[in-house]
Amino acid sequence: MNVFEAVKQSVTTRQAAEAYGIRVNRNGMCVCPFHKDKNPSMKVDRRFHCFGCQADGDVIDFTAKLFNMNSKGAAVKLATDFGIPYDADRHGGTRTRAAPVRPKLSPVQQARQDEDRCFRAYCSYLHLLESWKTERRPGTPEEEPDRRFIEACQRLDYVQYVLDNILLTGTEHERTEFVEAHREEVKRIEQRIAESTTHGTTTCTGDSDYDRAVRHGVPTQGAGDRRTTLQRNLPVCRSAEDR
């Protein structure tokens, strides 16, 4: 199998786009890198098509256009970046396997990847908190609130604020500043989600590292100042004794 056939069979345009730092939403749409696109107008799947500039083609065409290369160069690049084996000559006499190499990201691409990770973490945490607030709500005023219900009451408004006002609608500078200042918080959120997945939602296993971090107010910088201010005004669920 030659390099063109091997690449087309192994890699979709969406996989290549994401590997090269282009954010693709859940519907397979992204901002077109080939014209001044403000809203996602390109559909990427196995092939790609832009409804704005009409750019169209397969994964090799996409990579060639993205990096200003010819088709052969783009195919070889994809094979190298994704570790795809292919026949080096057209007669199939020599089979070459490129060593799997993770594409080296530019600073801009790395920043987009970091922002995507942050966005996914906060989205997943939002859904988790929403489920806790509904499923763990005390049945009676006398019932002691579940820790997860309390956490949902304390954190839900803040997480929604971050998504709505910073990660979705904030300026590029605001998003970059927030991501940089909240790397540790993103790690704690990811850990919290993993703990929830591991332990399920039927038992409460005591304070997690995230519980302790929130309770003791782990300091952040930059955009984190807005987080601290917002947390002071969040609704706090009270225990039966408090009520």
Side-chain angles (χ1 to χ4, degrees), residues 14 18 21-31 39-40 110-139 145-239:
R14 176 168 185 160
E18 292 177 331
I22 296 174
R23 181 186 297 181
V24 182
N25 66 26
R26 66 179 62 186
N27 296 319
M29 299 295 293
C30 66
V31 172
N39 299 309
Q110 184 63 57
R112 286 179 180 173
Q113 189 175 86
D114 292 343
E115 186 179 326
D116 284 343
R117 176 186 175 184
C118 181
F119 181 77
R120 286 194 299 269
Y122 276 91
C123 277
S124 298
Y125 190 39
L126 176 68
H127 296 320
L128 185 62
L129 293 175
E130 288 175 335
S131 68
W132 284 350
K133 191 169 184 180
T134 301
E135 298 170 5
R136 298 295 161 181
R137 181 184 299 275
D146 187 285
R147 281 197 184 97
R148 286 157 292 188
F149 176 72
I150 295 174
E151 181 178 340
C153 289
Q154 292 175 331
R155 303 288 291 171
L156 196 55
D157 285 353
Y158 162 64
V159 174
Q160 188 71 66
Y161 173 86
V162 168
L163 287 167
D164 289 346
N165 295 280
I166 301 176
L167 297 179
L168 285 174
T169 61
T171 65
E172 182 176 354
H173 175 73
E174 288 173 336
R175 297 195 307 271
T176 301
E177 182 187 52
F178 182 88
V179 170
E180 185 64 31
H182 291 74
R183 291 183 184 277
E184 292 303 316
E185 181 172 77
V186 168
K187 291 178 182 178
R188 291 194 296 272
I189 288 176
E190 290 172 336
Q191 180 183 352
R192 187 63 167 139
I193 294 169
E195 288 170 352
S196 172
T197 302
T198 300
H199 298 300
T201 58
T202 57
T203 60
C204 192
T205 57
D207 282 358
S208 66
D209 289 342
Y210 190 82
D211 291 322
R212 290 188 288 272
V214 170
R215 187 171 62 250
H216 294 299
V218 175
T220 57
Q221 298 176 346
D225 295 337
R226 293 193 292 274
R227 176 177 75 81
T228 303
T229 301
L230 186 64
Q231 281 181 317
R232 294 195 187 105
N233 298 306
L234 291 181
V236 177
C237 293
R238 295 173 294 170
S239 65

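These numbers come from the heavy atoms of this one structure, side chains and all, not from hydrogens, waters or symmetry mates.
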From CD1 (Ile166) to CD (Glu177), nearest 0.5 Å: 9.0 Å

Derivation and outcome, side-chain contact (heavy atoms from CB on, under 4.5 Å), residues Leu128 and Arg148: CA-CA 10 Å; Leu128 185 62; Arg148 286 157 292 188; over 6 Å; no

Any residue meeting salt bridge (Lys or Arg N to Asp or Glu O under 4.0 Å) with Asp116, in chain and number order, not counting sequence neighbours: Arg23

Gap between atom NZ of Lys133 and atom CD1 of Ile150 - 0.5 Å precision: 13.0 Å

Spacing of Arg120 atom CZ and Ile189 atom CD1 [to the nearest 0.5 Å]: 13.5 Å

Contact check, side chains of Asp146 and Glu135, non-hydrogen atoms, under 4.5 Å: no

Step-by-step side-chain contact (heavy atoms from CB on, under 4.5 Å) determination, Leu156 to Leu126: CA-CA 7 Å; Leu156 196 55; Leu126 176 68; 3.6 Å; yes

Closest approach of Pro138 to Pro145 (non-hydrogen atoms, all atoms of both residues): CG-CA, 3.9 Å

Short N-O contact, Lys187 and Glu184, less than 4.0 angstrom: yes

Stepwise side-chain contact (heavy atoms from CB on, under 4.5 Å) check, Phe119 with Val179: CA-CA 9 Å; Phe119 181 77; Val179 170; over 6 Å; no

Minimum heavy-atom distance between Ile193 and Tyr125, given as atom pair plus value: CD1-N, 3.8 Å

Carboxylate-amine/guanidinium contact Glu185 Arg155, below 4.0 Å: yes

Residues forming a salt bridge (Lys or Arg N to Asp or Glu O under 4.0 Å) with Arg137, sequence neighbours excluded: none

Interatomic distance, Arg117 atom CZ to Arg183 atom CZ [nearest 0.5 angstrom]: 8.5 Å

CZ-CG distance between Arg175 and Asp114, expressed to the nearest 0.5 angstrom: 13.0 Å

Which residues share a salt bridge (Lys or Arg N to Asp or Glu O under 4.0 Å) with Glu130, sequence neighbours left out: none

Between CD on residue Glu190 and OH on residue Tyr122, distance to nearest 0.5 Å: 10.5 Å

Main-chain N/O of Met29 paired with Asn27 side-chain donor or acceptor, under 3.5 Å: no

Full working for salt bridge (charged side-chain N to carboxylate O under 4.0 Å, His left out) between Glu18 and Arg14: CA-CA 6 Å; Glu18 292 177 331; Arg14 176 168 185 160; 3.3 Å; yes

